[in-house]
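Structure first, commentary second.
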Amino acid sequence: MGKKNDYSFCERVFAVVRKIPKGKTLSYVAVARRCGSPRAARAVGAVLRTNYNPMIPCHRVIYADGTSGGYNRGSIRKRCLLIREGAL
DNA sequence: CATTTGACGCCAA
DNA sequence: TTTGGCGCCAAAT
């Protein structure tokens, strides 16, 4: 156990996003905060954009305003998924 | 190593 | 309410 951080920021982002339960949403700033960088909201988006993975519920990460935000497969798709899960 | 980019967030007009 | 602009951070080039 050793070190405080052997994982890159992107790995932490995935770890956090993967844990978001169905029907629940987190804002980019909230995810960034859990990753140890409370101001890295943009960086979170950058990671999810370049490393999207079908088994990661990245559609559950939305703007702090409560708006859906962007999505690799279209913001419309993202909103649809959120409604389907009951997050909206 | 320096610069650019971008799925953000917040405030002023 | 909508638009524009600045700040912030990490990944990508």
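Source: prediction; values computed, not measured. Chain letters run A, B, ... following the sequence lines, proteins first and then strands; every chain starts at 1.
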query: Do A:His59 and A:Leu82 have side chains that get closer than 4.5 Å, going by heavy atoms?
result: yes

query: Can you check the A:Leu81 CG to B:dA7 C1' distance for me, whole Å?
result: 14 Å

Distance (rounded to the nearest 0.5 Å) between A:Arg33 CZ and A:Ser27 OG: 10.0 Å

field: A:Val29 side-chain proximity, nearest of C:dA10, C:dC8, B:dG9
entry: B:dG9

field: Interatomic distance, A:Tyr28 OH vs C:dA11 C1' [rounded to whole Å]
entry: 16 Å

d(CZ, A:Arg34; P, B:dC8) in whole Å: 20 Å

field: Distance, nearest 0.5 Å, that separates CG of A:Asn53 from CZ of A:Phe14
entry: 7.0 Å

- prompt: Is the shortest heavy-atom distance from the side chain of A:Val29 to the side chain of A:Pro38 under 4.5 Å?
  reply: no

N/O (side chain, A:Tyr63) to phosphate O (OP1/OP2, B:dC8) under 4.0 Å: yes

field: Length of the CG-P vector between A:Asp65 and C:dT3, whole Å
entry: 14 Å

query: Hey, does the side chain of A:Ser8 come within less than 4.0 Å of C:dA10's phosphate (OP1/OP2), counting only N and O?
result: no

Validation: residues 61-81 of chain A side-chain donor-acceptor distances under 3.5 Å, sequence neighbours left out:
residue: A:Asn72; atom: ND2; partner: A:Arg49; partner atom: O; Å: 3.1
residue: A:Lys78; atom: NZ; partner: A:Tyr28; partner atom: OH; Å: 3.3
residue: A:Lys78; atom: NZ; partner: A:Val61; partner atom: O; Å: 2.5
residue: A:Lys78; atom: NZ; partner: A:Ser68; partner atom: O; Å: 2.9
residue: A:Lys78; atom: NZ; partner: A:Gly70; partner atom: O; Å: 2.9

message: I need the NZ-P distance between A:Lys78 and B:dC8, as an integer number of Å.
response: 8 Å

- line: Using Watson-Crick geometry (N1-N3 plus N6-O4 or O6-N4) or G-U wobble (N1-O2, O6-N3), each under 3.5 Å, C:dC9 is paired with B:dG6

- request: Could you tell me the separation between the CG atom of A:Asn53 and the P atom of B:dA7, rounded to a whole number of Å?
  value: 19 Å

query: Can you tell if the side chain of A:Arg34 reaches within under 4.5 Å of the side chain of A:Arg12, non-hydrogen atoms only?
result: no

Distance-only donor-acceptor test (3.5 Å): side chain A:Tyr71, base B:dA7: no

- prompt: Same hydrophobic cluster for A:Val16 and A:Ile56, using side-chain heavy-atom links shorter than 4.5 Å among ILVMFWY?
  reply: yes

- prompt: Rounding to a whole Å, what distance do you find between A:Phe14:CZ and B:dA7:P?
  reply: 15 Å

message: At 4.0 Å (heavy atoms only), tell me whether A:Cys10 reaches a base, stays on the sugar-phosphate, or touches nothing.
response: sugar-phosphate

- request: Output the residues of residues 41-51 of chain A in contact with DNA chain B, where contact means a heavy atom of the residue under 4.0 Å from an atom of the strand; sort by number or write none.
  value: A:Ala41, A:Arg42, A:Ala43, A:Gly45, A:Leu48, A:Arg49

task: Measure from CD1 on A:Ile62 to P on B:dG9 and round the result to the nearest Å.
output: 9 Å

